[in-house]
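Quick notes on the structure that follows.
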Amino acid sequence: MERPSIYEHFAAEALQQGIEQGARERALKDILEVLELRLQPYAATVFKPTLETIQDLDRLAQLHRAAILAETLDDFAQTLTENSD
C-alpha cells in the first residue's frame, strides 16, 4: 500500500482544520442568533467575547441548546459558566 506524500498529509490536515473552523463559526453564529432573537437584542454582544474563546464543538452544541431553552440571560449565563474550561 502506497503511503501518502507529505503534501497530501498536510493538505488533508488543512482541509480538516478548515472544516472544523467552519463548523465552529456556524455554531457561534447560531448561538448568538438565538440569544438575540429569544432573549434580548444585546445578548449577542454580551456573550460573544466569551463564546469566541470556546473551541470544543460539543460544548458549543450544548450551549446552543441552552440558548434555545433559557428563559432569561441569567439562565444562559449560568450554563455558560458551568463546566467552563
Side-chain angles (χ1 to χ4, degrees):
M1 181 150 127
E2 191 174 315
R3 294 177 62 186
S5 70
I6 297 289
Y7 170 79
E8 291 170 329
H9 172 75
F10 285 113
E13 189 174 304
L15 178 61
Q16 182 61 34
Q17 287 176 351
I19 290 169
E20 289 175 9
Q21 183 63 28
R24 182 179 164 277
E25 289 173 8
R26 179 78 242 174
L28 285 170
K29 183 177 179 183
D30 290 346
I31 294 167
L32 295 171
E33 182 176 40
V34 170
L35 290 172
E36 183 178 314
L37 293 173
R38 284 209 66 249
L39 299 176
Q40 296 290 332
Y42 64 87
T45 305
V46 171
F47 293 108
K48 186 175 181 179
T50 302
L51 290 168
E52 288 179 329
T53 66
I54 300 170
Q55 300 297 316
D56 181 23
L57 289 174
D58 290 334
R59 176 70 172 142
L60 291 171
Q62 174 194 30
L63 290 169
H64 184 240
R65 288 187 299 275
I68 292 168
L69 296 172
E71 295 292 327
T72 66
L73 289 176
D74 287 338
D75 291 343
F76 182 76
Q78 181 177 351
T79 303
L80 183 60
T81 58
E82 290 173 354
N83 302 319
S84 62
D85 296 331

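- Side-chain atoms of L32 and E36, non-hydrogen and from C-beta on, never get closer than 4.5 Å to each other.
- A donor-acceptor pair is defined here as one N or O able to donate and one able to accept, closer than 3.5 Å; no such pair exists between the side chain of R38 and the backbone of E71.
- Tracing side-chain contacts under 4.5 Å through hydrophobic residues (I, L, V, M, F, W, Y), one never reaches L35 starting from L69; they form parts of separate clusters.
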**Item:** side-chain hydrogen bond (donor to acceptor under 3.5 Å, both in side chains) between Q21 and Q17, worked out
**Value:** CA-CA 6 Å; Q21 183 63 28; Q17 287 176 351; over 6 Å; no
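- Distance check: T81 OG1 to F76 CZ gives 10.0 Å after rounding to the nearest 0.5 Å.
- Distance check: L28 CG to I31 CD1 gives 6.0 Å after rounding to the nearest 0.5 Å.
- No continuous path of hydrophobic side-chain contacts links I68 to L39 [ILVMFWY only; heavy atoms under 4.5 Å].
- The CD atom of E25 lies 9.5 Å from the CD atom of E52; values are rounded to the nearest 0.5 Å.
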**Item:** Residue pair R59, Q62: steps toward the side-chain hydrogen bond (donor to acceptor under 3.5 Å, both in side chains) verdict
**Value:** CA-CA 5 Å; R59 176 70 172 142; Q62 174 194 30; 2.5 Å; yes
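- Across all their heavy atoms, D75 and A70 have their closest contact at CB-CB, 3.9 Å.
- L63 contributes atom CG, which lies 10.0 Å from atom CD of E82 (distance to the nearest 0.5 angstrom).
- Contact between T79 and A66 at its shortest, heavy atoms only, is CG2-CB, 3.5 Å.
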Enumerate donor-acceptor pairs with a distance under 3.5 Å from any side-chain N or O in residues 40-47 to protein atoms, sequence neighbours excluded.
none

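- Here the side chains of L51 and L80 are in contact, with some heavy-atom distance below 4.5 Å.
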